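To start, the structure itself, in structure tokens.
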There are 2 protein chains.
Amino acid sequence: MKYQKIPEATIRRLSRYSRCLEEMEKGGEEVISSAQLANRCMVNAAQVRKDLAYFGEFGIRGVGYYVKDLLNDIKKILGSNKEWRMVVIGIGNLGSALLSYKDFLKQNYKIVAAFDIDPPQVIGRVSEKLGKPVEVLHINRLKEVAKERRIEIGLITTPPSEAQAVADLLVEAEVRGILNFAPTQIVVPEGFVAKDVFFTTILDNLAYLLSNN
Amino acid sequence: MKYQKIPEATIRRLSRYSRCLEEMEKGGEEVISSAQLANRCMVNAAQVRKDLAYFGEFGIRGVGYYVKDLLNDIKKILGSNKEWRMVVIGIGNLGSALLSYKDFLKQNYKIVAAFDIDPPQVIGRVSEKLGKPVEVLHINRLKEVAKERRIEIGLITTPPSEAQAVADLLVEAEVRGILNFAPTQIVVPEGFVAKDVFFTTILDNLAYLLSNN
DNA sequence: TCAATTTTGTGACTCCTTTCACAAAATATG
DNA sequence: CATATTTTGTGAAAGGAGTCACAAAATTGA
């Protein structure tokens with residue numbers, strides 16, 4: 001896997017291929033061609049092959065790809081073959097929703113801790129419903145618990161005013177990956193990765209398309 | 001505003017500029033240069049100017065842009081100057097979270113209806129907390145109510161198995177914009193716009209970056 | 001064994017996006 | 001009023017990403 005700059009779009013598509021391959025595997029398909037996969041994912045077949053070519057050769061000419069093997073290879077590429085341990089910070093509506101988001105369970109992303117400040121009725125509350133219950137702890141224990149539970153990804157679901165401060169705490173706790181759902185851009189130092197998920201940006205996109213088509 | 005194909009990336013950035021300009025406006029700034037705005041949004045200054053150039057001339061040479069005017073112009077471009085009326089379908093954890101998502105209130109996106117099937121304890125329940133309360137109705141009233149309340153955007157937060165069926169209902173009800181949070185790709189006919197928001201895709205991205213840096 | 005068929009992997013091409021660099025326009029200064 | 005300064009808008013260049021088209025590899029069938 002020699003180094004080369006991989007387009008972010010390629011990574012997003014790999015994730016999509018991964019999802020489709022999982023469905024195909026469940027459907028009992030054993031071998032597929034790039035054309036079939038492309039069709040399923042609504043992309044160009046050459047695109048599929050190019051995307052894979054960044055990372056090696058995975059198919060057999062004249063045959064196609066073994067679904068199971070390709071799925072494994074893609075997961076290895078994405079780093080989604082390992083279990084990622086996550087923390088949610090800010091247990092409001094969205095935070096609670098993520099705590100019991102079923103799709104995470106089926107995947108390799110596990111929420112293993114939850115934090116909030118102040119509201120005493122939240123602290124100590126436990127997310128039931130699914131998997132292991134997670135107790136909500138006070139934010140001042142973040143650093144300690146993050147280390148203890150080997151947490152690698154933080155999900156920020158606080159109000160926007162607190163998001164950067166929380167990000168700073170995560171950085172301090174050496175949680176290297178951050179997904180920020182608060183509607184404000186956050187900044188992290190070199191070596192850390194932060195992604196913002198802005199619902200209103202997505203809606204603005206939709207609004208533009210609806211207004212202009 | 002002559003026609004030309006606008007890159008989706010440009011639209012996404014406009015949304016970002018919009019957010020920054022709002023903050024600047026609150027901060028009392030009246031005039032900014034493309035360099036300042038670019039800096040704030042972490043993009044190139046020429047990029048800002050190019051993005052705007054798709055839609056006209058908004059600045060004054062030697063001066064910059066009037067924050068207030070530019071913000072208005074961008075909102076007009078995005079179609080985010082009008083109020084968009086939305087419906088949420090599937091009142092589980094995520095659906096409930098969106099119902100009380102505070103950022104929508106500050107913006108021009110309003111949830112004006114909510115639907116679910118079966119669970120009798122959900123139907124009729126009312127989302128309190130913010131803005132006008134929204135009563136959860138049975139899905140079989142979707143078409144009727146969507147017309148009545150002039151709904152233009154549907155948010156799908158059902159389990160993945162139901163997502164496509166719900167999308168079909170929305171299409172039937174002539175709700176032209178769909179945001180799908182269920183982890184399965186949905187398809188809509190020409191003339192409709194559907195966007196998928198896959199949390200695990202975003203996490204796969206993060207996982208890739210964490211694994212390879 | 002050899003030709004026909006299938007499907008990958010990839011170089012070349014095209015198209016799209018971003019960045020650069022500078023003329024044009026506005027303002028400020030002496 | 002002329003000159004210096006600032007900052008836009010944009011043509012041209014550079015850089016990326018996506019598509020095409022075909023040789024290479026594998027398989028099938030006679």
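What you are looking at is a predicted structure, and each value in this text was computed from that prediction instead of being measured. First the proteins, then the strands, lettered A, B, ... as listed; each starts at 1.
- T10(A) comes within 4.0 angstrom of nothing in the nucleic acid, heavy atoms only.
- Minimum atom distance to the side chain of Y65(B) is reached by dG9(D), of the listed dG9(D), dG9(C), dT17(C).
- When all heavy atoms of A113(A) and V145(A) are compared, the pair lying nearest together is CB-CG1, 4.3 Å.
- Atom CZ of R61(B) is separated from atom P of dA28(C) by 17 Å (rounded to the nearest Å).
- Mapping A9(A) and G62(A) onto DNA chain D via the closest heavy atom, the residue that lands nearer the 5' end is A9(A).
- Under 3.5 Å, the side chain of K50(B) and the base of dT10(D) form no donor-acceptor pair of N or O atoms.
- Spacing between atom CG of N44(A) and atom P of dA17(D) amounts to 16 Å, rounded to whole angstrom units.
- Taking only side-chain atoms of P7(B), from C-beta outward, the nucleotide of dT17(C), dT8(D), dG18(D) with the closest atom is dT17(C).
- Between F104(B) and K110(B), the shortest heavy-atom contact is O-NZ, 4.0 Å.
- A sub-4.0 Å separation between OP1 or OP2 of dT17(C) and a side-chain N or O of Q47(B) is absent.
- Not one side-chain nitrogen or oxygen of R13(A) sits closer than 4.0 Å to the OP1 or OP2 atom of dA17(D).
- Of the candidates dT27(D), dT18(C), dT8(C), dT8(C) carries the atom nearest the S34(A) side chain, counting heavy atoms from C-beta on.
- Between I32(A) atom CD1 and dT6(C) atom P the separation is 18 Å, expressed in whole Å.
- When distances run from any side-chain atom of A46(B) to the nucleotides dT8(C), dT27(C), dT19(C), the shortest one goes to dT19(C).
- Between the C1' atom of dT8(D) and the CG atom of D51(B) lies a distance of 15 Å, rounded to the nearest Å.
- Remark: P of dC16(C) and OH of Y54(B) are 10 Å apart, rounded to the nearest angstrom.
- The nucleotide whose nearest atom lies closest to any side-chain atom of S33(B) is, among dT7(D), dA26(D), dT18(C), dT7(D).
- The residues K143(B) and E174(B) are annotated as not salt-bridged, no charged nitrogen and carboxylate oxygen being separated by less than 4.0 angstrom.
- The shortest non-hydrogen separation linking F198(B) to A182(B) is CE2-O, 3.2 Å.
- In this structure, R12(A) places its CZ atom 14 Å from C1' of dG18(D), rounding to the nearest Å.
- The CG atom of L52(B) sits 7 Å away from the P atom of dG9(D) (whole-angstrom rounding).
- Considering only side-chain atoms of V63(B), the nucleotide from dT10(D), dA26(D), dT27(C) that sits closest is dT27(C).
- Rounded to whole angstrom, the span from the NZ atom of K5(A) across to the C1' atom of dA14(D) amounts to 15 Å.
- For an aromatic pair to be called close, the ring centres must be under 6.0 Å apart, and F181(A) with F199(B) satisfies this.
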